[in-house]
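Beneath this line is the structure, given in structure tokens, with notes to follow.
None of the values given here were measured: they were computed from a predicted structure. We use all heavy atoms of the structure for the numbers below, so side chains are in, but hydrogens, waters and symmetry mates are not. Every chain is numbered from 1 and lettered A, B, ... according to where its sequence line falls, protein lines coming before strand lines.
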Protein chains: 2
Amino acid sequence: MSKKSKSPSIRDIAKEAGVAISTVSYVVNNKDLVADDTKKKVLKAVDKLGYKPNFIARSLRTRKTNTVGVIVYDISNPFVAQIVRGMEEIVKTRSYIMVLGCTFNNASEEERQINVMVNQFIDGLLIVSGSDNENIYKKILAKKLPLVFVDRELEKLPSTSIIIDNALAMEKAVDYLFSMGHRQIGYISYPMGKQTTIKQRYSGYVRGLEKNNLAYNSDYVIMDEKFTDKELEGKDMDITFKLMQDFIKTRKLPTAFITISDIIAYGLIKALKDNNIKVPDDVSVIGFDNIMFDDYMSPPLTTVKQPKKMMGITGMNLLLDIIEGKNTENKRIILPTEIIKRQSVKSIPLN
Amino acid sequence: MSKKSKSPSIRDIAKEAGVAISTVSYVVNNKDLVADDTKKKVLKAVDKLGYKPNFIARSLRTRKTNTVGVIVYDISNPFVAQIVRGMEEIVKTRSYIMVLGCTFNNASEEERQINVMVNQFIDGLLIVSGSDNENIYKKILAKKLPLVFVDRELEKLPSTSIIIDNALAMEKAVDYLFSMGHRQIGYISYPMGKQTTIKQRYSGYVRGLEKNNLAYNSDYVIMDEKFTDKELEGKDMDITFKLMQDFIKTRKLPTAFITISDIIAYGLIKALKDNNIKVPDDVSVIGFDNIMFDDYMSPPLTTVKQPKKMMGITGMNLLLDIIEGKNTENKRIILPTEIIKRQSVKSIPLN
DNA sequence: TTGTAGGCGTTATCAC
DNA sequence: GTGATAACGCCTACAA
């Protein structure tokens with residue numbers, strides 16, 4: 001097998017055009033220092049030999065790779081995929097390159113990936129994941145590497161984040177259910193590790209209850225460790241389904257459930273249906289995220305919409321701004337949420 | 001704001017340990033040429049200064065980046081996301097880095113991305129997309145850059161591909177429907193551009209019809225240009241839904257539909273339901289891909305399973321093998337499919 | 001406006 | 001076993 005054919009270097013162009021190396025560099029980098037006809041000669045040579053500046057060499061010299069790292073917990077999760085899609089859009093238009101890694105919320109895997117990327121390689125890092133270990137991020141911060149979190153934020157360290165007001169979103173969900181006549185409102189969530197979003201949502205749920213003078217009933221609240229079992233990557237739907245199968249048989253049901261993700265809501269609804277409990281006639285369900293399948297479920301899922309793509313877009317733009325020195329503060333950008341009313345919530349006549 | 005703190009270079013380590021640069025290099029790269037106590041000294045210095053070899057410099061020198069490019073048409077498509085997830089798994093275990101780009105089946109965007117990546121930057125390329133323009137790939141092939149297609153293959157050029165037998169899969173779908181008593185079998189697909197998968201599936205559909213002595217009825221076949229409208233990125237479900245709304249009102253329906261993706265099946269089913277046509281009682285539907293939501297639809301979707309994650313795993317392993325020189329032939333790996341029987345297909349009693 | 005030369009951090013090829 | 005040194009391809013003072 002023949003070798004990869006070697007591409008022409010800046011030297012070859014200089015020789016071909018009969019000019020100095022630096023002249024070629026100026027032309028290639030659009031520095032307006034070169035006489036027009038010299039420029040033409042150079043461009044002709046570039047074209048003839050098909051010269052492309054060597055990305056690696058340039059990076060070594062400039063200490064800039066035009067590459068950003070994106071670390072997510074699971075790219076096959078529709079919520080995440082949508083965020084990444086937004087990021088990709090920006091990366092593309094601003095001519096950066098995006099490196100992707102999945103961690104499945106495994107802290108050591110996250111650390112490994114961050115180390116690989118950070119190691120004099122990426123210009124900035126975007127994290128849509130959340131290990132329980134803030135020490136990992138401390139190192140990045142210490143290196144002054146641009147770092148932006150999406151759908152996460154740090155508790156103790158100052159951080160740049162694109163988030164929604166998770167507590168408020170949940171509070172509004174409770175309000176909505178309350179306004180529809182529900183007085184027994186259940187809650188299904190991952191257990192509370194150090195993920196701020198999960199904690200905030202829970203506090204929003206509790207706050208919503210209090211605000212509407214509803215008693216907190218632990219029978220109605222499920223926050224099971226199984227959700228975060230490392231062996232069960234990306235199987236949230238199936239886990240919820242199984243979990244709820246048990247739950248339904250052993251406990252009293254509320255008239256409505258709030259879930260922290262549409263995926264969990266899907267699992268819940270299936271379990272409910274399988275036990276001949278009608279949604280929304282017997283039990284109402286409200287999801288979170290507004291992923292693209294909600295409209296196609298039976299019943300179509302009422303949910304709290306997160307501006308997923310916009311979160312990706314905003315996060316990536318902010319990161320690139322920071323990289324380019326346009327923006328250096330520890331911003332905390334809060335994007336709006338909205339309850340999308342479909343058919344999985346039914347109003348209960350008051351009596 | 002202070003500058004990014006500069007990391008120590010191999011030179012710093014050499015100085016600290018009182019040895020030559022090359023010695024440090026040997027130690028760092030595990031070349032067994034160094035005396036044990038010299039090694040210890042070096043390692044100590046490495047540890048003390050927190051030295052990490054500079055990835056970029058190394059790449060410049062070795063002409064290897066340990067980076068592979070992955071080009072997909074849409075990361076937010078669950079089928080694609082699952083493939084990418086498989087790839088990510090392998091990338092991780094074989095210590096490569098993965099760069100991702102989405103093209104939305106836009107040929108010029110695909111070309112742009114390929115150019116960016118190929119430009120002396122990636123060690124190999126994995127494509128899960130398919131422009132109509134084989135010229136783009138010719139260039140890559142000419143450069144001898146390792147290139148693997150997943151769920152695609154080239155028509156005129158020899159290529160390395162991980163695919164399923166699309167024609168056979170569709171033929172089996174027809175067989176299955178026939179065995180369930182269906183004699184009017186419709187087909188919903190993207191229009192046939194140059195994508196081999198789409199063509200092959202269609203030919204499988206036709207073959208299945210012939211094999212079972214069923215007449216081809218163009219009234220039952222929908223292959224609309226709207227599916228590939230560039231403006232409608234990733235909206236297959238909604239497009240199908242609208243398309244079928246019209247279709248249902250104007251044409252006679254078959255007793256069963258085969259679709260080329262689960263996503264399209266979802267759109268179809270919703271349109272059917274909205275028009276009070278029951279699935280599967282009035283019309284059966286069979287999807288393609290077996291994405292993770294199938295089980296949660298009403299009715300759960302019968303579908304042709306593609307081994308998505310395995311396609312990603314196999315493709316990435318093959319690509320890395322080629323990069324590492326373990327494997328250089330133009331392989332064409334065909335992975336098996338399987339009909340997953342759920343509840344969207346009903347048997348029709350023969351009369 | 002153009003040319004020269006030094007250096008980015010490695011690895012690889014030689015000597016010693 | 002170890003050390004010096006020349007690339008890799010580019011950018012950028014600085015000199016001319």
Side-chain angles (χ1 to χ4, degrees), chain A residues 3-46 49-67 118-123 143, chain B residues 3-46 49-67 118-123 143:
Chain A
K3 281 274 167 107
K4 226 183 283 188
S5 65
K6 225 180 89 180
S7 338
S9 81
I10 197 169
R11 222 179 303 264
D12 300 318
I13 303 303
K15 200 177 292 171
E16 173 74 24
V19 300
I21 293 180
S22 48
T23 308
V24 178
S25 178
Y26 295 147
V27 173
V28 169
N29 294 298
N30 288 315
K31 305 241 194 260
D32 255 344
L33 302 168
V34 185
D36 262 8
D37 39 348
T38 319
K39 196 170 183 174
K40 256 176 217 156
K41 276 195 297 185
V42 171
L43 256 17
K44 207 175 129 191
V46 165
L49 304 189
Y51 169 72
K52 307 270 185 206
N54 181 303
F55 171 88
I56 300 290
R58 180 179 277 176
S59 297
L60 179 60
R61 181 60 231 236
T62 62
R63 309 185 151 283
K64 237 211 142 245
T65 58
N66 268 283
T67 302
V118 165
N119 186 33
Q120 303 134 314
F121 167 48
I122 53 165
D123 290 340
K143 288 202 177 197
Chain B
K3 283 270 167 116
K4 224 183 283 186
S5 65
K6 227 179 86 182
S7 341
S9 81
I10 196 168
R11 223 177 300 267
D12 300 319
I13 304 303
K15 201 176 293 171
E16 173 75 23
V19 299
I21 294 179
S22 42
T23 307
V24 178
S25 180
Y26 295 145
V27 172
V28 170
N29 294 295
N30 288 316
K31 305 237 195 263
D32 254 343
L33 303 167
V34 185
D36 262 8
D37 39 349
T38 317
K39 197 171 185 173
K40 256 176 219 157
K41 274 195 298 183
V42 172
L43 256 15
K44 206 175 131 195
V46 164
L49 304 189
Y51 169 73
K52 307 270 185 206
N54 181 305
F55 172 87
I56 300 290
R58 177 180 280 173
S59 296
L60 178 61
R61 184 60 233 232
T62 61
R63 310 186 148 282
K64 236 208 141 250
T65 58
N66 268 283
T67 301
V118 165
N119 185 35
Q120 304 132 313
F121 167 47
I122 53 165
D123 290 339
K143 288 202 177 196

query = Just how far is it from atom CG of A/N54 to atom OG of A/S7, taken to the nearest 0.5 Å?
reply =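 Separation between the atoms: 7.5 Å.
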query = Rounded to the nearest 0.5 Å, how far does NZ of B/K31 lie from OG of B/S22?
reply = 12.5 Å
Taking all atoms of both residues into account, what is the closest heavy-atom pair of [X] and [Y], and its distance?
X: A/E16; Y: A/L49; answer: CB-CD1, 4.1 Å
X: B/N119; Y: A/F55; answer: O-CB, 4.1 Å
X: B/Y51; Y: B/I13; answer: CB-CD1, 3.3 Å

ask   = Can you give one letter per nucleotide of nucleotides 11-16 of chain D, going 5' to 3': B for a protein heavy atom under 4.0 Å from the base, S for sugar-phosphate only, - for none?
value = BBBB--
Between [N] ([atom2]) and [X] ([atom1]): distance, integer Å:
X: A/L33; N: C/dT1; atom1: CG; atom2: P; result: 8 Å
X: A/D37; N: C/dT2; atom1: CG; atom2: P; result: 8 Å
X: B/K41; N: D/dG1; atom1: NZ; atom2: P; result: 15 Å
X: B/N54; N: C/dG7; atom1: CG; atom2: P; result: 18 Å
X: B/K64; N: C/dT11; atom1: NZ; atom2: P; result: 13 Å
X: B/L60; N: C/dG9; atom1: CG; atom2: P; result: 12 Å
X: A/R11; N: C/dT4; atom1: CZ; atom2: C1'; result: 12 Å
X: A/D12; N: D/dC8; atom1: CG; atom2: P; result: 10 Å

message = Using five pairs at each end of the helix from C/dT1-D/dA16 to C/dC16-D/dG1 to define an axis, what is the angle between those two axes, to 10°?
response =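 The angle, to the nearest 10 degrees, is 40°.
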Check: A/I21 and A/S25 side chains under 4.5 Å, non-hydrogen atoms =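 No, side chains not in contact.
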query = A/K39 near the nucleic acid: base, sugar-phosphate alone, or nothing, with a heavy-atom cut-off under 4.0 Å?
reply =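 A/K39: no heavy atom of the nucleic acid under 4.0 Å.
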task = Remember a base hit wins even if backbone is also touched, and classify B/T38 as base, sugar-phosphate or nothing at under 4.0 Å, heavy atoms.
result =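 Counting heavy atoms under 4.0 Å across all strands, the contact made by B/T38 is with sugar-phosphate only.
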Enclosure of A/K64 NZ (heavy-atom neighbours >12, cutoff 6.0 Å) =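 Yes, the 6.0 Å shell around NZ holds more than 12 heavy atoms from other groups.
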ask   = What's the closest nucleotide to the A/T23 side chain, out of C/dG3, D/dA4, D/dC10?
value =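 In terms of side-chain proximity for A/T23, the closest of C/dG3, D/dA4, D/dC10 is C/dG3.
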key: B/A35, nearest nucleotide to its side chain (from C/dG3, C/dC8, D/dG1)   = D/dG1
Got a list of side-chain donor-acceptor pairs under 3.5 Å for residues 36-43 of chain A, not counting sequence neighbours?
none

Positive for side-chain contact (heavy atoms from CB on, under 4.5 Å) with B/V34, one of B/T23, B/V19, B/V24 = B/T23
